[in-house]
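For reference, the structure discussed in these notes is given below.
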Amino acid sequence: MNKIEKLLLDNEKESEHFISDLANNGCINGGVSELIYYSDTCKFYEDNKDLIWEIISDYAEETGHDIFHYIGDVQSPTIFENNMTWLAVDITANKMVLEEK
């Protein structure tokens, strides 16, 4: 289990349907309280950069798109790290929901 899966499962213990709600709504809506603020998402990115790149790179390869197709506007390093973190969490939540079915 990787750090993102653990984060999601820990939140699921606190709030029923957390992972499926996150998969439907994404991090952008503040679904993961630990990853709302730039200071938190950037720290998470720095601490988990390799994992985040692996998740997003694999997803981009699976879908046939470039990584930058998914992360949106990257006007600054802070926005880039935030978007990468949120995307990796969103992808992980979606995969976890699909694995449950």
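Just so it is clear, the values below take in all heavy atoms, side chains as well, and ignore hydrogens, waters and symmetry mates.
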Quick one: do Y37 and L7 end up in the same hydrophobic cluster if we chain Ile, Leu, Val, Met, Phe, Trp and Tyr together by side-chain heavy atoms under 4.5 Å apart? no

Which of I71, I52, I55, T92 passes side-chain contact (heavy atoms from CB on, under 4.5 Å) with L87? Answer is I71

Within residues 54-63 or reaching into it, pairs that qualify as side chain to side chain donor-acceptor pair (under 3.5 Å) - sequence neighbours excluded: E62-K95, T63-Y70

Going only through I, L, V, M, F, W and Y residues with side-chain contacts under 4.5 Å, is there a path from I56 to V74? yes

Applying side chain to side chain donor-acceptor pair (under 3.5 Å) to N82 and not counting sequence neighbours gives T41

Results of side-chain contact (heavy atoms from CB on, under 4.5 Å) for Q75 - residues two or more places apart only: D73, I79

Identify, with sequence neighbours excluded, every residue that meets ring pair (Phe, Tyr, Trp, His ring centres under 6.0 Å) alongside H17. none

Roughly how far, to the nearest 0.5 Å, is the CG atom of L8 from the CG atom of N2? 8.5 Å

Please identify each residue that fulfils side-chain contact (heavy atoms from CB on, under 4.5 Å) with D10, with sequence neighbours left out. K6, K13

List for me each residue that meets salt bridge (charged side-chain N to carboxylate O under 4.0 Å, His left out) alongside E46, sequence neighbours excluded, and say none if there are none. K49

Between S20 and V97, what is the shortest heavy-atom contact and its length? CA-CG2, 3.7 Å

Taking all atoms of both residues into account, what is the closest heavy-atom pair of I19 and A93, and its distance? CG2-O, 3.7 Å

With sequence neighbours excluded, tell me which residues meet side-chain contact (heavy atoms from CB on, under 4.5 Å) with K3. F44, N48, L51

Rounded to the nearest 0.5 Å, what separates atom CG in L22 from atom CD in E12? 10.0 Å

Can you give the donor-acceptor pairs under 3.5 Å from side chains of residues 26-35 to other protein atoms, not counting sequence neighbours?
from, atom 1, to, atom 2, distance (Å)
N29, ND2, N25, O, 2.6
E34, OE1, N11, ND2, 3.4
E34, OE2, N11, ND2, 3.4

Test item: side-chain donor near acceptor, W53 and Y45, under 3.5 Å: yes

From CE (M96) to CD1 (I91), nearest 0.5 Å: 14.0 Å

Taking only residues two or more places apart in sequence or in another chain, which ones pass side chain to side chain donor-acceptor pair (under 3.5 Å) with D40? none

